[in-house]
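Quick note: numbers below take in every heavy atom, side chains included, and nothing from hydrogens, waters or symmetry partners. As the structure lists them, so they are numbered: ligands from 1, and atoms in each ligand from 1.
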Amino acid sequence: MTVTIALGLQWGDEGKGKMVDYLSETADLVIRAAGGANAGHTIVNNDKKYILHHLPSGLIHAHARAYLASGMVIDPFSLLKEIKGIEQQGLSDLRNRIQISPAAHLILPWHRDLEKIREKSPGAIGTTLKGIGPAYESRASRKGLPLALLKYPDLLKQKLSSIFQEFAPFFEKFEVSVDSVDEVHAQLLQVAREIVPLLGDLQPLLDKYIQPDDNNEIILEGAQGALLDINHGTYPYVTSSSTISGGLLSGTGIGPLKIDKAVGIMKAYTTRVGNGPFPTEIQGKAGEKMGKIGGEFGATTGRPRRCGWLDLVALKYAVNLTGVKDLVITKIDVLSDFEKVKVCTAYKLPDGTSSSFFPEDPWILEKCRPVYKTFPSWNISGSLTVDNIDPALQAFIDMIEKYTGARVSFLSWGPQRHKTLRV
Ligand code: IMP
């Protein structure tokens, strides 16, 4: 039995979809632990392109089972749409392979309504507008609605009425008309018919798959990236769940001693969507060029991503937060279109000193300026092998390994599975 954590080390969009799909080739069970449809994981397989939001990426392999764990917040309307879309793309036996925790929480239409109002106000985070933050707030205030309620129509109505009492004054204040309790109740009962058969507990599955003397493989798939973690990310410009290894453990209820491997996925440069500090951001036309070459548009929102150079200070912080020992570098081909490649190796702090530590004080972070080392760029041949890695790319890899203490184990240079090299 092996349990592997695979997660993103930057601000999301590191290419987790492709890499989790790749790492899941022989996986028996793939689990999403936290977040919801704010994620957009793209997988290309035999010229078919799948974009998954709630569902774990390993599901594309016909033998893999998928579990949506209790740490998630789930929009049942959009989840059903996602399942139907994937079914139409020809993925077989899907509903027999998916299970959802009855303890994961519902994202209600009002959560999305609330977020839309907030995001139009000063101090907007630049969220994905999927209702993630408000749903986690409801959960933390103990007013949230676990998916199990879809089995109990009367109790569901009571809970909806109770939570709506909290939201109503806000909607009135902003003069926004929203669906009534009866309407939302009816909508939920409609989807409950298809969601309830998918509900199931994780413990019996784990009991079946986590046995010390068998060959089962389980992957815990992270969403977003370490720098968007609610406790350790660039607060308040973060998501509302924990995106680091600890968050994956807490979101699934799997204990730390059950984990065999943790793999961190990083892009050869950095991107971010939404607002918030980004020390190595490239402003203007050069940043746009990187975005264009890298196809940096959100898989969930279509928003152009902000682009910048690789930030080793932030990366080392993420490696420490997540405990990953193996790294996957994705999109190495994008930088081959640049004459020179820059890498940030330290921050110049507002007091004039420099540091190789990512500051926890958000107001210091905002004022940090990157100190760069410049490298020549490299060529990626169509058939990259361990024997023909361009020396410039090897120098880039060596620097990442030396700085972070983690080992670069995979390179990726395109969305297709064959554009991956184990090094
Ligand atoms: P939320 O998760 O929708 O609340 O958004 C909070 C912040 O996280 C925003 O800056 C989003 O752009 C960012 N974010 C959330 N999910 C993703 C993701 O999957 N990839 C990249 N950024 C994300």
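Within the structure, the closest approach of Ala39 to ligand 1 falls below 4.0 Å when heavy atoms are considered. Heavy atoms of His41 stay at 4.0 angstrom or farther from ligand 1.
Set against the non-hydrogen atoms of Gly274, the atoms of ligand 1 under 4.0 Å away are 10 (O). Heavy-atom proximity to Thr127, at under 4.0 Å, picks out these atoms of ligand 1: 1 (P), 3 (O), 4 (O), 5 (O), 9 (C).
Between Glu401 and Val408, the shortest heavy-atom contact is OE2-N, 2.7 Å.
Closest to atom 3 (O) of ligand 1, if we only count protein heavy atoms, is Thr128 OG1, 2.6 Å. Nearest protein heavy-atom neighbour of atom 8 (O) of ligand 1: Leu228 CD2, 3.7 Å. Scanning the protein heavy atoms around atom 2 (O) of ligand 1, the nearest turns out to be Thr239 OG1, 2.6 Å. Nearest protein heavy-atom neighbour of atom 15 (C) of ligand 1: Gln224 CG, 3.7 Å. Among protein heavy atoms, the minimum distance from atom 11 (C) of ligand 1 is reached at Gly126 O, 3.6 Å. For atom 21 (C) of ligand 1, the closest heavy atom belonging to the protein is Asp13 OD2, 3.1 Å.
Counting heavy atoms closer than 4.0 Å to ligand 1, residue Glu119 contributes nothing at all. The proximity of Thr301 to ligand 1, defined as any non-hydrogen pair under 4.0 Å, does not occur for either the backbone or the side chain. When heavy-atom distances to ligand 1 are checked against a 4.0 Å cut-off, Val273 comes that close through both its backbone and its side chain. At a 4.0 Å heavy-atom cut-off, ligand 1 touches Trp11 through the backbone alone.
Listed by first and then second residue, the ring-ring contact (aromatic ring centres under 6.0 Å, His included) pairs involving residues 240-275 amount to none (not counting sequence neighbours). For residues 219-249, the set of pairs meeting the ring-ring contact (aromatic ring centres under 6.0 Å, His included) definition, not counting sequence neighbours, is empty.
Here the CG-CG distance, from Leu91 to Leu59, works out to 6.0 Å after rounding to the nearest 0.5 Å. Distance OG/Ser70 to CD1/Ile100: 13.0 Å, rounded to 0.5 Å.
Ser412 pairs in a side chain to side chain donor-acceptor pair (under 3.5 Å) with only one of the listed residues (Glu14, Lys18, Lys331), which is Lys18. Just one of Leu9, Leu227, Asp311, Thr404 meets the side chain to side chain contact (heavy atoms under 4.5 Å, CB included) condition when paired with Tyr317; it is Leu227.
The aromatic ring centres of Phe338 and Trp378 sit 6.0 Å or more apart.
Remark: the backbone N or O of Ala140 is paired with a side-chain donor or acceptor of Arg142 at under 3.5 angstrom. Within the 3.5 Å criterion, the main-chain N or O of Ile98 finds no donor-acceptor partner in the side chain of Arg95.
When the options Ile132, Val238, Asn38 are ranked by their closest heavy atom to atom 7 (C) of ligand 1, first place goes to Val238.
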